[in-house]
There are 2 protein chains.
Amino acid sequence: MITMREIAKRTGVSVSTVSLVMNHHDEGRVNPQTAAMVRETAHKLGYKVNPLARSLRTNSTRILGFISDEVATTPFAGGMILGAQTAASQLGYMLITVSTDGGVREDDEIDALKRYGVDGFLYAEMSNRVTDVPSKLLDYPTVLADATDRNGTIPSVVPDEFSIGYDATSYLVKAGCQRIAYVGCDAPGVEQAQSGRLAGYQAALRDGGMPYDESLVTNVTEPKTAVESVHDLFDRERPDGFFCFNDARTLYVYETAARHGLTIGKDISVVGVDHHRVFAETLYPALTTVELPHFEMGYWAAVKLVSLIDAQAVTNLKPPTTTAAIPPIDANTPKIHCTLLKKGSVALH
Amino acid sequence: MITMREIAKRTGVSVSTVSLVMNHHDEGRVNPQTAAMVRETAHKLGYKVNPLARSLRTNSTRILGFISDEVATTPFAGGMILGAQTAASQLGYMLITVSTDGGVREDDEIDALKRYGVDGFLYAEMSNRVTDVPSKLLDYPTVLADATDRNGTIPSVVPDEFSIGYDATSYLVKAGCQRIAYVGCDAPGVEQAQSGRLAGYQAALRDGGMPYDESLVTNVTEPKTAVESVHDLFDRERPDGFFCFNDARTLYVYETAARHGLTIGKDISVVGVDHHRVFAETLYPALTTVELPHFEMGYWAAVKLVSLIDAQAVTNLKPPTTTAAIPPIDANTPKIHCTLLKKGSVALH
DNA sequence: ATGAAAGCGCTAACAC
DNA sequence: GTGTTAGCGCTTTCAT
């Protein structure tokens with residue numbers, strides 16, 4: 001490992017001078033010539049600051065803690081983690097991810113993260129909900145992802161549920177569907193997503209000049225009765241378009257369609273939120289999907305968190321290439337409390 | 001933050017004594033009375049060692065680096081991460097996870113991890129393959145998960161592919177199937193999995209007193225032609241049992257079955273490897289699944305890595321409750337080079 | 001403009 | 001048995 005002392009020795013200056021230069025605190029304090037030399041040898045030797053040693057003095061590790069459960073059970077956690085990691089990496093931070101499933105106690109994990117000196121926390125849910133932030137986080141900078149704080153005091157990043165419903169339904173309207181059904185979800189915990197998407201569905205119908213008809217809406221909870229109720233919807237209403245709350249509900253529709261001998265993309269149109277990639281990629285290219293912005297939520301939550309920790313670190317951040325589809329948000333986006341993000345990608349086929 | 005100095009002051013001893021006690025180096029060096037006092041006040045004050053400060057002296061952070069790509073694109077990464085994190089947590093280590101998709105350069109991430117002082121690396125693939133370990137890892141303790149090193153020098157943990165094929169097929173034999181098909185995969189990169197599972201399939205047929213018939217095997221590569229070839233297999237061979245290489249291939253079979261008006265669990269039996277949870281949970285309870293031991297691979301890879309770093313840290317480890325299904329492996333399992341793991345859970349319905 | 005020195009929390013060799 | 005001391009790599013105050 002190459003240290004400041006090393007490059008001080010080689011340059012013939014003191015460690016403090018090197019420190020000043022390496023931290024860009026040399027403006028008007030260090031001779032530009034000296035500074036240049038220091039920088040040069042540092043670069044030549046491939047010097048990198050030891051963040052752990054630094055943290056001993058500064059009380060700042062540039063480590064972010066990412067907490068969530070369900071990492072092992074949903075395919076969506078990965079996107080959020082990757083988004084958060086991408087932002088962290090761009091800002092010179094590191095991400096430590098812990099999941100609290102697997103029998104690991106949440107409070108213990110938080111303690112462990114604190115021991116490792118994280119500068120702040122990302123607390124992520126895997127489905128937009130109102131949540132209680134663990135009290136152990138309250139004394140640290142914390143940002144929620146895919147959830148909002150019940151008390152409204154913690155900044156959070158959530159998807160634009162209304163737009164998801166609106167865009168999906170508009171797509172079906174434009175596709176020429178006459179009888180557009182909504183296969184929703186009234187399970188507890190997802191009220192935010194359900195109501196937002198339903199409202200978007202209704203608005204898109206209205207803007208498309210179509211009436212809102214309650215009998216075209218079925219809210220599915222129990223897997224057991226799910227196929228039945230969708231089957232029922234098919235028989236009763238003969239919809240020609242379906243907006244599905246999530247992957248499971250898309251499956252119900254597909255199953256029912258197959259049993260009725262109907263082909264998606266020909267006889268009926270389906271737009272599903274977030275269904276598993278394998279469907280669209282390998283089997284049902286005629287399915288249209290609205291992807292939840294998991295990557296983007298992770299990304300902007302991390303940006304927000306870093307801005308809380310060190311406001312000026314966030315200047316000159318360039319948004320990630322992978323999120324070309326998100327609307328032009330400036331570096332000072334994530335507003336406090338509730339930032340709306342939307343991936344405008346209703347894929348056309 | 002409560003430091004050693006603090007508890008030294010309170011107890012009236014020196015910091016070094018506290019250090020000795022807290023590191024269990026007091027045996028025969030520190031008066032048991034004093035030791036007890038130290039321990040007591042440490043406990044009372046909730047003292048926790050600062051691993052970062054310690055690492056400055058010891059060159060050991062007790063942080064493990066977990067590297068993989070595809071965290072955002074496969075639903076399986078989460079299980080491995082959780083397994084690794086669980087083991088790390090049990091052994092007093094922390095896990096920093098980085099993924100190299102998202103445009104982040106692998107070498108850069110490795111450098112970053114080194115800067116943060118990781119003691120070793122877990123390098124994970126999302127499908128059992130022969131891989132080249134990045135040269136940047138060669139000077140650190142490293143363990144592969146779901147992959148083997150091309151040079152055979154790096155320890156690795158992989159699934160027992162043969163048993164997967166054998167168990168799945170045996171299940172179909174026991175279920176009374178007469179014509180058992182294998183829907184395999186001959187895409188490049190998964191040769192290990194494909195050949196192992198195929199061999200298991202053949203062995204189970206043999207042991208079941210059934211002939212191996214090549215025309216019952218179809219190896220699917222291209223999604224485009226996939227449904228066709230499975231359709232073809234249905235028409236040509238009229239199998240009554242299917243062993244499917246992975247979730248996509250299970251889907252092809254389900255699709256084809258639906259189109260033929262056949263019901264899984266009634267007309268035909270299907271055993272699929274690792275298909276998405278949502279299938280079994282919400283729609284097709286009659287599907288039988290063999291789950292790849294992602295959690296276990298992550299878990300044992302981490303155990304192995306820690307044993308490389310600090311052999312005696314691994315004593316008195318108790319295996320995680322979540323892996324009750326894995327065979328009784330002792331703490332000294334992961335053998336060097338190639339440890340075979342198997343989740344013996346062919347779920348019966 | 002630069003360096004000496006102190007100290008972050010901890011470990012370990014060495015004295016007493 | 002226990003304390004003193006030095007030092008890990010870095011930042012920062014204070015002399016010079």
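Model, not experiment: these values are computed from the prediction. Chain letters run A, B, ... following the sequence lines, proteins first, then strands; residues in each count from 1.
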Between A/Ser99 and A/Glu70, a side-chain donor and acceptor under 3.5 Å:
no
What's the separation between atom CD1 in A/Ile63 and atom CE in A/Met94, rounded to the nearest 0.5 Å?
8.0 Å
Taken to the nearest whole Å, CE/B/Met1 to C1'/C/dG9 is 8 Å
For a quick check under 3.5 Å, do A/Tyr123 and A/Glu106 share a side-chain donor-acceptor pair by atom type?
yes
In whole angstrom, what separates A/Met4's CE from C/dT2's C1'?
15 Å
Between C/dT2 atom P and A/Asp26 atom CG, what is the distance in whole Å?
10 Å
Donor-acceptor pair, B/Thr142 side chain versus B/Leu137 backbone, under 3.5 Å?
yes
Main-chain N/O of B/Arg54 paired with B/Thr58 side-chain donor or acceptor, under 3.5 Å:
yes
Interface residues of residues 48-58 of chain A with DNA chain D (non-hydrogen, below 4.0 angstrom)
A/Val49, A/Asn50, A/Ala53, A/Arg54, A/Leu56, A/Arg57, A/Thr58
Would you say the side-chain atoms of B/Asn50 pair up with the backbone N or O of B/Ala53, donor to acceptor, closer than 3.5 Å?
yes
Value in whole Å for how far the P atom of C/dC10 lies from CZ of A/Arg115:
12 Å
For A/Phe76 and A/His294, take the angle between the two ring planes, folded into 0 to 90°, and tell me which bin it lands in: parallel under 30, tilted 30 to 60, perpendicular over 60.
parallel
Contacts to DNA chain C from residues 36-45 of chain B, heavy-atom cutoff under 4.0 Å, which residues?
none
Could you tell me if A/Thr100 and A/Glu109 have a donor-acceptor pair between their side chains, going purely by distance under 3.5 Å?
no
Answer yes or no: is there a donor N or O on one side and an acceptor on the other, between the side chain of A/Ser19 and the main chain of A/Val15, under 3.5 Å?
no
Within the 3.5 Å criterion, strictly below it, is a donor on B/Tyr299 or B/Gln90 matched to an acceptor on the partner's side chain?
yes
Mind listing the residues from residues 5-25 of chain A sitting with a heavy atom below 4.0 Å of DNA chain C? Number order is fine.
A/Gly12, A/Val13, A/Ser14, A/Ser16, A/Thr17
